[in-house]
Protein chains: 2
Amino acid sequence: MTSRKTRPTHAPRSPAPWPGAEAGRFERPSLTVDVVLISTAHGALRTWLVRRSEPPHADRWALPGGFIQPGEPLEAAAARVLTSKAGLTGLFLEQLYTFGAPDRDPRARVISIAYYALCDFARFSVRAGAVPETTAARIEVPWEGETGGPVELTSDGGARFSLAFDHADMVGLAVKRLRGKLDYAPIGFQLLPESFTLLELQQVHETILGRPVNKDSFRRRMLASGQLEATGVWQADVEHRPALRYRFSRRSAT
Amino acid sequence: MTSRKTRPTHAPRSPAPWPGAEAGRFERPSLTVDVVLISTAHGALRTWLVRRSEPPHADRWALPGGFIQPGEPLEAAAARVLTSKAGLTGLFLEQLYTFGAPDRDPRARVISIAYYALCDFARFSVRAGAVPETTAARIEVPWEGETGGPVELTSDGGARFSLAFDHADMVGLAVKRLRGKLDYAPIGFQLLPESFTLLELQQVHETILGRPVNKDSFRRRMLASGQLEATGVWQADVEHRPALRYRFSRRSAT
DNA sequence: TGAATAGTGTCTATAAGACAATATCCC
DNA sequence: GGGATATTGTCTTATAGACACTATTCA
């Protein structure tokens with residue numbers, strides 16, 4: 001019913017003939033969301049892929065996605081996709097970029113608003129093992145720093161996945177965004193369980209950045225940042241001196 | 001005609017039935033681009049506003065924008081808007097964020113992909129004075145650093161503009177993005193003419209950041225960055241020792 | 001006891017901020 | 001010369017990287 005009287009008489013204006021005046025006559029692109037769901041495992045970034053069952057690109061792997069429903073906020077659509085395709089809720093979720101190349105979908109004009117989500121590896125791997133027609137592909141980043149560009153998705157065996165549409169670009173952009181935000185936003189914690197050791201946190205940073213980081217200064221920076229809170233609990237089941245576990249502390253008064 | 005058969009049969013998805021097969025039955029929102037065109041003048045950030053002539057929000061000020069045309073790439077739509085509404089071409093242009101709150105337009109679901117563009121103050125003020133029903137509003141940022149949030153738009157007299165739709169949020173987000181990118185991306189140059197002095201560059205940075213920056217270290221950093229190339233030409237028409245003019249040098253091999 | 005990592009303290013190199021001194025232009 | 005800003009150089013301070021050393025756990 002909302003759409004019934006849809007007649008976007010969007011302002012006309014003189015020098016520039018605003019093409020909205022007759023919006024009803026315009027082709028309206030379809031709108032989707034795609035979600036780059038990221039986690040880590042065995043020292044590599046992983047992303048959640050779904051096997052397509054229908055054309056176009058039937059049988060190829062793709063990011064979880066779906067059409068935006070009437071009246072549905074964009075981020076809600078992304079959250080819905082995460083729930084329906086991965087069974088995950090409450091994750092860190094942020095808008096990434098909107099992809100709209102005219103030929104990105106061979107059927108019709110489809111514009112996709114890409115989001116990325118972060119999940120701790122424990123929840124991620126449990127779910128990944130539970131949902132059929134799904135895989136947790138390893139992200140191989142062929143560039144350093146924040147150069148950007150597409151990435152390769154592989155299985156643990158090394159087989160390469162060829163993603164549908166422009167989804168490899170979406171994953172690449174998500175990695176670039178992660179690398180850029182890591183220094184000033186608390187995103188490393190989103191990839192870890194509730195409590196973790198400083199070494200685990202460092203390894204997450206190294207995985208995201210794709211390079212080793214200096215242990216000493218990393219510890220100093222993190223402890224000085226005020227974002228960490230000691231749990232008082234020590235690591236167990238390791239054959240060396242156990243490390244103190246920390247948790248992320250929201251009240252970071254920069 | 002597209003909207004005629006609007007029947008939000010939203011997707012069914014079991015394991016992963018891509019809802020595209022029936023895309024034709026979905027309500028398709030209208031898609032627009034809005035452009036935050038930014039420049040500087042008299043030590044303040046400015047943005048280009050257009051007076052709306054039709055409802056909704058008739059007579060209020062808004063960002064230049066327009067509907068995306070069939071087959072038109074998103075960035076091309078933003079560039080077209082800049083040409084048609086401001087007569088400016090060849091500017092730095094980058095996607096900012098996609099706004100899609102269900103009620104952001106009272107008429108119908110309209111999703112807008114916001115871009116921001118940067119223009120040097122000379123071109124900007126010439127054009128601003130030449131296009132009717134347009135103003136170069138002063139951006140007042142009520143927050144520090146990259147806190148983010150809406151901003152206030154005022155005239156030089158101090159009168160406050162109340163922007164249509166969620167356009168004030170778009171401007172605020174553009175400022176936040178600018179502040180965030182300033183340190184590692186060559187965007188300060190985009191707000192300056194071909195050649196400029198170090199003090200002018202510093203003032204642009206101060207205007208973007210909304211705070212003074214240390215002169216000594218700013219000079220050192222800029223000269224050491226390899227992004228600047230001396231023109232050999234000295235500033236003229238100043239009643240003090242003239243400064244050397246520089247130009248932006250693309251070949252910055254970090 | 002030995003292997004392995006946790007955690008602490010110290011030294012050095014680098015970059016930012018502060019400040020002083022000199023240079024150059026126009027009035 | 002006086003006023004104003006440019007440009008250079010030095011000193012201080014904060015932070016990152018490197019390294020040495022001690023601590024603690026389990027096999």
Could you tell me the separation between the [atom1] atom of [X] and the [atom2] atom of [N], rounded to a whole number of Å?
X      : N      : atom1 : atom2 : answer
A/E200 : C/dT5  : CD    : C1'   : 13 Å
B/L223 : C/dA16 : CG    : C1'   : 15 Å
A/L244 : C/dT8  : CG    : C1'   : 15 Å
B/R245 : D/dT7  : CZ    : P     : 11 Å
B/Y184 : C/dA15 : OH    : P     : 21 Å
A/R219 : C/dG9  : CZ    : C1'   : 13 Å
B/Q202 : D/dA6  : CD    : C1'   : 12 Å

*Judged by modelled atom types alone, do B/T197 and B/Q235 share a side-chain donor-acceptor pair under 3.5 Å?*
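Checked: B/T197/B/Q235 side chains show no N/O donor-acceptor pair below 3.5 Å.
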
*asked:* Between B/T98 and A/T98, do the side chains contain a donor N or O and an acceptor N or O under 3.5 Å apart?
replied: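 Judged by distance alone, the side chains do pair up.
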
_My understanding is that only residues two or more places apart in sequence, or in another chain, count here; which of them pass side-chain contact (heavy atoms from CB on, under 4.5 Å) with B/A174?_
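Counting only residues at least two positions away or on another chain, B/A174 forms a side-chain contact (heavy atoms from CB on, under 4.5 Å) with B/V36, B/I38, B/L96, B/Y116.
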
*State the CG-CD distance between A/L178 and A/E94, to the nearest 0.5 angstrom.*
9.0 Å

*For B/E239, does the CD atom sit with more than 12 other heavy atoms under 6.0 Å from it, leaving out its own atoms?*
no

*Examine C/dA6: is either OP1 or OP2 under 4.0 Å from a nitrogen or oxygen in the side chain of A/K215? Give yes or no.*
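Affirmative; the distance criterion is met.
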
*asked:* Taking the six-membered ring for Trp, are B/F248 and B/F196 closer than 6.0 Å centroid to centroid?
replied: no

*In the 5'-to-3' direction, what one-character label does each nucleotide of nucleotides 17-27 of chain D receive under the scheme B = base within less than 4.0 Å of a protein heavy atom, S = sugar-phosphate only, - = no such atom?*
BBB---BBBS-

